[in-house]
There are 2 protein chains.
Amino acid sequence: MVAFVNLISGKWAIPILYRLIVEGRPVRFGELQRAAAPITQKELTRHLRLFEEQGLVTRTVHPEMPPRVEYTITDLGRTLQPTLDSLAAWMRTHGATLSHTK
Amino acid sequence: MVAFVNLISGKWAIPILYRLIVEGRPVRFGELQRAAAPITQKELTRHLRLFEEQGLVTRTVHPEMPPRVEYTITDLGRTLQPTLDSLAAWMRTHGATLSHTK
DNA sequence: CCCATTAGTATCAAAAAGGTGCCTACTATA
DNA sequence: TATAGTAGGCACCTTTTTGATACTAATGGG
């Protein structure tokens, strides 16, 4: 199970993946960045590259200017939906209960 | 949802919590350490303190020698079960698919 | 010429996580 | 007497992760 943590590791992994799943369509880089704000470009890029490597996401480059790159959830990535739904539901129900002490 | 990642952050959080949930009874420190091997004392302690702070786990010290400290999942902690079950199921089904490139 | 746009890369710095070794208190056992 | 076992604390160090900033390419608009 340690591997799962590895997979969704990184502060931003879950929000990014969830967004891609919810949208179900190709999503542009900038859109993802706004969805997972305040993530930096660098971190978003890094996460997306990891997901691509794991086969969770597909990357499509449109050779235009300004550049347009779209990310789409794969079938494998989509299998995460029930789990992420469960996460989201838990957060809605119990999220407020948690202390946010740093 | 970033908060969730925060909650279960750390390589070991999920295995520890899951063990506590599955057992459902007070579990000793050493037992948890073996369950989440090869975690170090320091990290296990840190995680358990965090869980305690979040109200997911109760810590009970028995003033004996050698010391005995037991950790028990709380009601709040138990609400994580369906989500963690889902995680575990996903790993069983798709875990092997993932690349483990570092 | 200046500026904005997009999806990055490069570089540097800071913060978080993790590892190691040493110490304790008391008991039991060899 | 020496040693092991328990659940840590504390100090020090290395590695990993995250973040902040500046920079770029190719085009369109003013």
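Only heavy atoms go into these numbers, but all of them, side chains included; no hydrogens, no water, no symmetry mates. In the text below, chain A, chain B and the rest are named by the order of the sequence lines, each starting its count at 1.
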Side-chain heavy atoms of [X] within contact of [Y], under 4.5 Å:
X	Y	answer
A:T93	B:T79	no
A:Q41	A:F29	yes
A:V57	A:L17	yes
B:L32	B:L20	yes
B:I39	B:I16	yes

Taking only side-chain N and O atoms of [X], does any of them lie within less than 4.0 angstrom of OP1 or OP2 on [N]?
X	N	value
B:R49	D:dG8	yes
A:R46	D:dT18	yes
B:R59	D:dG8	yes

Which of the following nucleotides, C:dG18, D:dT18, D:dG8, is nearest to the side chain of A:E43? D:dT18
Closest of D:dT18, C:dG18, D:dG8 to the A:K11 side chain is D:dT18
Rounded to the nearest angstrom, tell me the gap between atom [atom1] in [X] and atom [atom2] in [N].
X	N	atom1	atom2	value
B:Q33	C:dG18	CD	C1'	14 Å
A:H62	C:dT5	NE2	P	21 Å
B:E64	C:dT24	CD	C1'	18 Å
B:R68	D:dG8	CZ	P	13 Å
A:L44	D:dT18	CG	P	13 Å
A:W12	D:dT18	CH2	P	10 Å
A:H47	D:dT18	NE2	C1'	9 Å

Closer than 4.0 angstrom, basic N to acidic O: yes or no for A:R46 and A:E43? yes
For residues 19-32 of chain A, which residues have at least one heavy atom under 4.0 Å from DNA chain D?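 Within residues 19-32 of chain A, no residue comes under 4.0 Å of DNA chain D.
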Test item: A:T72 side-chain N/O and A:R25 main-chain N/O as donor-acceptor pair under 3.5 Å: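 Not at all, since once roles are kept as given, no pair shorter than 3.5 Å links the two residues.
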Same apolar cluster (I L V M F W Y, side chains within < 4.5 Å links), B:V61/B:M65: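 Hydrophobic grouping puts B:V61 apart from B:M65.
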Set out, in order, the CA-CA distance, both residues' side-chain angles and the distance that settles side-chain contact (heavy atoms from CB on, under 4.5 Å) for A:L87 and A:I14, then state yes or no. CA-CA 9 Å; A:L87 281 187; A:I14 294 184; 3.4 Å; yes
Every protein N/O lying under 3.5 Å from an N/O of nucleotides 20-28 of chain D:
| from | atom 1 | to | atom 2 | distance (Å) |
| --- | --- | --- | --- | --- |
| D:dA20 | N6 | A:K42 | NZ | 3.4 |

